[in-house]
Amino acid sequence: MEKKIVIVGAGVAGINAATKLVDNGYPGELITIIDKGNDPHNRLPEEVMTGMLGAGGWSDGKLTYHTAIGGQLSKYCGEEKAMNLMDQVISNFRRFHPKPEEIFMSDPQEEPEFIKPYFGLRMFPVWHIGSNFLHEIAKTWYQYLLDKGVDFWWNTEVSDIDFTNNVILFNPLGIAGPTDTHQVKYDELIFAVGKSGIDFAQKLADGYKLPNEPKSVQIGVRFEAPQKYFQKLIDVSYDFKLYQKFDNVSLRSFCTNNNAAYVAVEETYGDISYNGHAKKGEEFRNNMTNFGILMEIKGIEDPFKWSRDVVSKLQFNGKGLYYSPSRIVSKTSEGTDVSAYQIEFLDGFKASMGKYADYVINFIDDMNKIFNFGDDWGMYIPEVKYLSPEPLVNYNDLSLTEYTNVHFVGDALSARGITVSGAHGIYVAESLLK
Ligand SMILES: Cc1cc2nc3c(=O)[nH]c(=O)nc-3n(C[C@H](O)[C@H](O)[C@H](O)COP(=O)(O)OP(=O)(O)OC[C@H]3O[C@@H](n4cnc5c(N)ncnc54)[C@H](O)[C@@H]3O)c2cc1C
């Protein structure tokens, strides 16, 4: 008997799962996808975190192609299967792309001499989809799933899940806020709420006392400078990953954007932090480069609470902070100022981050020795990756050990990127098809 599958979250993981199912003949009518955001026709460009194709599937489109990047995958299914799953995700983005011939892959091979002795460079292939194609991809992909009979419930927030009785509680979100709570039953549940559902995932994990793996702190800033200074490195690796390693702290540049590079504002737990995205097309060119400078700090007792405390201190008037020795905040791709409060001195940054602020400042100083940008740079504070609690799952189908019809995928499990999140979704779909 075919089962009713409910997918909570129409992000990268949920949509890839549904696609794998219907591609293989699973009746779309038995699949319901619930998302608190908008469908791709009504989703606004600035709705970065919620809606069809989720976070990175709407604002950025760099698909990393390596099992050591983007979170846990090969741990569950082995190296060879992991690569196969990532291939499937990339091929889905290609399949719904309006101009697949414009997708390109960067694949740096050799660490350049000039970054030594200050940095190492992590090298791996990246597929560049182009941010501004993502909206078209989302619409075509959505139509495909609708045509297959998949039922989408937009603007609908899941507020609780009864894992014992297979019941989802949800609120249709009206203009005036949540209306009454409703219920729907499932036979199999794919839980794919991503970063915007992190507090909800935490609530469930606490409520059901799901055992978690310990996580490290991932915090830093989003650095920005004119691209010309970094061009010699971009020529080697478009999405370069510089890194430095110390005893309990390692730093890496993260998610580099070039050519038409914009800083994006994220809101998590009511606090502001920063990220970046790149647009394709000459009309968006601003000749800037931005990337996160992220520290992974080991040995902090409650990394989650520590990160949240630090982030909340780095806020002013409902904004994050911006520091530059010479520049002012940049424009968004919509032509408005990036929302950030400009500070003149770094005292507050140092007081909030403690000794870890120096690691970031030294990283920038070391880059300056190589790239000679002088005072022509700025940083948006903070950038943070709250690693979701990673519940213990059965490796063959990512189901909770105590609730085997509940499958955690994407950022809600252990992913940190598009390819790995999509791969989780496909992996679970394959197990359900069996
Ligand atoms: C600005 C930005 C740029 C990024 N760029 C890249 C990149 O270039 N490359 C890369 O590999 N990764 C990137 N990422 C990370 C990547 O987006 C995520 O790893 C990926 O989207 C996770 O997929 P997911 O399906 O787990 O969650 P998401 O894609 O975030 O989707 C989760 C969905 O669940 C919905 N949801 C959440 N809670 C509820 C609820 N309670 N009820 C109903 N629905 C709910 C949300 O509306 C959302 O649509 C970026 C992230 C951001 C924020």
Side-chain angles (χ1 to χ4, degrees), residues 6-18 32-40 43 45-66 69-71 86 89-90 93 126-131 134 138 152-161 168-173 178 190-204 222 238-239 254-257 262-268 273-278 290-292 333 383-388 408-425:
V6 177
I7 302 175
V8 180
V12 181
I15 292 298
N16 274 284
T32 300
I33 304 184
I34 306 178
D35 198 287
K36 66 180 175 184
N38 275 309
D39 70 62
R43 188 176 175 184
E46 59 270 28
E47 290 170 9
V48 173
M49 304 297 286
T50 59
M52 175 69 187
L53 269 191
W58 189 250
S59 58
D60 207 345
K62 292 197 292 298
L63 307 192
T64 54
Y65 188 55
H66 196 287
I69 302 286
M86 287 196 286
V89 177
I90 292 161
F93 274 89
V126 180
W127 290 95
H128 302 265
I129 304 296
S131 312
L134 289 172
F152 283 88
W153 299 357
W154 299 108
N155 292 303
T156 303
E157 180 161 29
V158 172
S159 52
D160 208 351
I161 303 175
I168 292 172
L169 301 181
F170 63 91
N171 299 85
L173 299 171
I190 300 181
F191 187 76
V193 294
K195 257 207 270 174
S196 60
I198 191 173
D199 40 0
F200 178 45
Q202 180 75 58
K203 185 182 116 179
L204 290 174
R222 174 118 317 226
Y238 179 92
D239 183 14
F254 169 81
C255 179
T256 303
N257 299 291
Y262 295 93
V263 172
V265 177
E266 280 183 15
E267 189 182 329
T268 320
S273 58
Y274 297 94
N275 205 318
H277 64 115
N290 72 51
F291 48 85
S333 51
E383 175 150 344
V384 64
K385 304 295 158 215
Y386 291 114
L387 300 185
S388 315
F408 270 54
V409 290
D411 282 8
L413 181 61
S414 58
R416 291 199 296 273
I418 297 171
T419 350
V420 171
S421 297
H424 283 175

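In listed order, ligands and their atoms are each counted from 1. Quantities reported herein were computed from a predicted structural model and do not represent experimental measurements.
- Under the 4.0 angstrom criterion for non-hydrogen atoms, Thr156 is in contact with ligand 1.
- Leu53 places none of its side-chain heavy atoms less than 4.5 Å from the side chain of Pro40.
- Residue-ligand proximity, Met49 to ligand 1, at heavy-atom distances under 4.0 Å covers atoms 48 (C), 53 (C).
- At a threshold of 4.5 Å between non-hydrogen side-chain atoms, the residues Ile198 and Thr268 count as touching.
- Relative orientation of the Trp127 and Tyr65 rings is perpendicular, given thresholds of 30° and 60° on the angle between their planes.
- Across the listed options Ile161, Asp411, Asp35, Asp35 owns the non-hydrogen atom lying nearest to atom 48 (C) of ligand 1.
- Using 4.0 Å as the threshold, Ala192 has a heavy atom nearer than that to some atom of ligand 1.
- Considering backbone and side-chain atoms alike, Lys62 places an N or O below 3.5 Å from some N or O of ligand 1.
- Residue contacts with ligand 1 include Gly51, since one of its heavy atoms falls under 4.0 Å from the ligand.
- Between the OG atom of Ser421 and the NZ atom of Lys195 there is a distance of 10.5 Å, given to the nearest 0.5 Å.
- Of the protein's non-hydrogen atoms, the one nearest atom 46 (C) of ligand 1 is Ser196 OG, 3.4 Å.
- The shell of residues lying under 4.0 angstrom from ligand 1, judged by heavy atoms, includes Glu266.
- In this structure the side chain of Val409 never reaches within 4.5 angstrom of the side chain of Phe191, judged on heavy atoms.
- Taking a 4.0 Å cut-off on heavy atoms, Thr64 fails to register as neighbouring ligand 1.
- Considering each of Ala201, Gly54, Gly56, the one bringing a non-hydrogen atom nearest atom 14 (N) of ligand 1 is Gly56.
- Among protein heavy atoms, the minimum distance from atom 1 (C) of ligand 1 is reached at Ser59 OG, 3.3 Å.
- The protein non-hydrogen atom at the shortest distance from atom 40 (C) of ligand 1 is Val158 N, 3.8 Å.
- For Phe152, the ring-ring contact (aromatic ring centres under 6.0 Å, His included) criterion is met by Tyr142, Trp154, not counting sequence neighbours.
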